[in-house]
Amino acid sequence: MPELPEVEIARRNVARWMAGQRVLRARAAPSRIFRGAELAAFESISGALRSLERRGKYLLFRFERDQGLLAHLGMTGKFVRRPTGEEVRFSRAHFELSDRFSVHLADSRMFGRIEPVRASALRDLTVVRALGLDPLADGLTPERLARAVGKTSLGIKVALMDQARVAGLGNIHAAEALFRAGIHPARKPASLSPAEWRTLSRAILDALVFALENQQGEEIQYVEEVGAGNVFHVYGHGDEPCPACSAPIQSFAQGGRTTYFCPRCQPAGKGKR
DNA sequence: TGACCCCTGGCC
DNA sequence: GGCCAGGGGTCA
């Protein structure tokens, strides 16, 4: 589900929902979302949210008294706000706020993650330190992008999805950015010209901003939930005409995931794979 | 690098 | 009933 833009929207929504409120109670049911962490540590959280930071696809909650939380939405996680007491499907954990609303983390597949951590230690967590360049939080330039992706024999799309290289891109937006840049997903990073790095850098930002602008609203909507409302150019559009040239969009398996691309707009290039 | 796993829901 | 799913992690 969520990639950088969706997590960023979640961050903005949750920050707005919790602004000026106090957490009266934190409650959770045991689930693998906690990855073995003590439920009591989560349920002891109270007071005001001081800051909510996004790094890649992770959210870093910092509360009063050095209380903190590392959260990841996995594939199907989302934060929702409901009147306190209202039943929320797939809710795994929630905060009851002083305005009588509650903020829930709902996640059907439970690939998400919540881990209570001292606020001051959040940035030192191994998983956070391991994150690569965040295109929005760190700023993206062609030089930084090329350096972050580095020398690898991985295809460019697989490399872009490696969170240790570039943090926040997933299957959808990596494919969308490469389409915008006219670069075949299986190209080797070493084969990209300086002009292509410039185009790709711009395309990543454009794809992320486009997604951000299409995710305004109280709750995130994932592409499988909107059906015909899929606003992406190639993702999920196999066999449909390319919006730029009308050639049929193709797909293939790459790094264990389905990659969509336009064979005409994104030629493999001779000797470049 | 690939295969498989973790889970559940929704669509064909 | 089978297949697919935008996450990450582990294993050989």
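By convention in this document, chain letters (A, B, ...) are assigned in the order of the sequence lines, proteins followed by strands, and residues within each chain are numbered from 1. Here the structure is a predicted model, which is why all the values come from computation and not from measurement. We use all heavy atoms of the structure for the numbers below, so side chains are in, but hydrogens, waters and symmetry mates are not.
Here B/dT8 presents its P atom at 12 Å from CD1 of A/I33, a figure rounded to the nearest Å. Between the CG atom of A/L59 and the P atom of C/dG7 there is a distance of 15 Å, rounded to whole Å. Between the CG atom of A/L131 and the C1' atom of C/dG7 there is a distance of 13 Å, given to the nearest Å. Atom CE in A/M161 sits roughly 8 Å away from atom P in C/dG8 (whole-Å rounding). In this structure, CZ of A/F34 is placed 17 Å from C1' of B/dC6, rounded to the nearest angstrom. Taking atom NZ of A/K78 as the reference point, atom C1' of C/dG7 lies 15 Å away to the nearest angstrom. B/dC7 atom C1' lies 5 Å from atom CZ of A/F111, rounded to whole Å. Rounded to a whole Å, the CE atom of A/M110 is 6 Å from the C1' atom of B/dC7.
Here the side chain of A/F90 is nearest to one of B/dC7, B/dG10, B/dT8, namely B/dT8. Nearest nucleotide to the A/R257 side chain, out of B/dG9, B/dC7, C/dG8: C/dG8. Nearest to the side chain of A/M75, among C/dA5, B/dT8, C/dG8, sits C/dA5. Comparing B/dG10, C/dG8, B/dT8 by their closest approach to the side chain of A/R89 singles out B/dG10. Among C/dA5, C/dG8, B/dG9, the nucleotide with an atom closest to any side-chain atom of A/T258 is C/dA5.
Rounded to the nearest Å, the gap between the C1' atom of B/dG9 and that of C/dG9 is 22 Å. C/dC3 and B/dC5: their P atoms are spaced 14 Å apart (whole Å). B/dC7 and C/dG1: their P atoms are spaced 22 Å apart (whole Å).
Considering CG of A/N13 and CD of A/E8, their distance stands at 10.0 Å, rounded to 0.5 Å.
Counting heavy atoms from C-beta on, the side chains of A/L122 and A/V128 never come closer than 4.5 Å. Contact annotation: the side chain of A/R16 never approaches that of A/R81 to less than 4.5 Å [non-hydrogen atoms, C-beta and beyond].
Residue A/R113 places no side-chain atom within donor-acceptor reach of the base of C/dG9, judged by atom type and a 3.5 Å distance cut-off alone.
As judged by a 4.0 angstrom heavy-atom cut-off over every strand, A/Y235 is placed among the base-contacting residues. A/H72 comes within contact range of the sugar-phosphate backbone alone, with a heavy-atom separation under 4.0 Å but no base atom that close. Note on A/R35: nothing from the nucleic acid sits closer than 4.0 angstrom, heavy atoms only.
A donor atom on one side chain and an acceptor atom on the other are not found under 3.5 Å apart for A/E96 and A/S102. A/S46 and A/R65 share a side-chain donor-acceptor pair at under 3.5 Å.
The closest donor-acceptor contact from the side chain of A/R92 to the backbone of A/P30 lies at 3.5 Å or more, if one exists at all.
Pair assignment for B/dC7 gives none, since no Watson-Crick or G-U wobble pairing has each distance under 3.5 Å.
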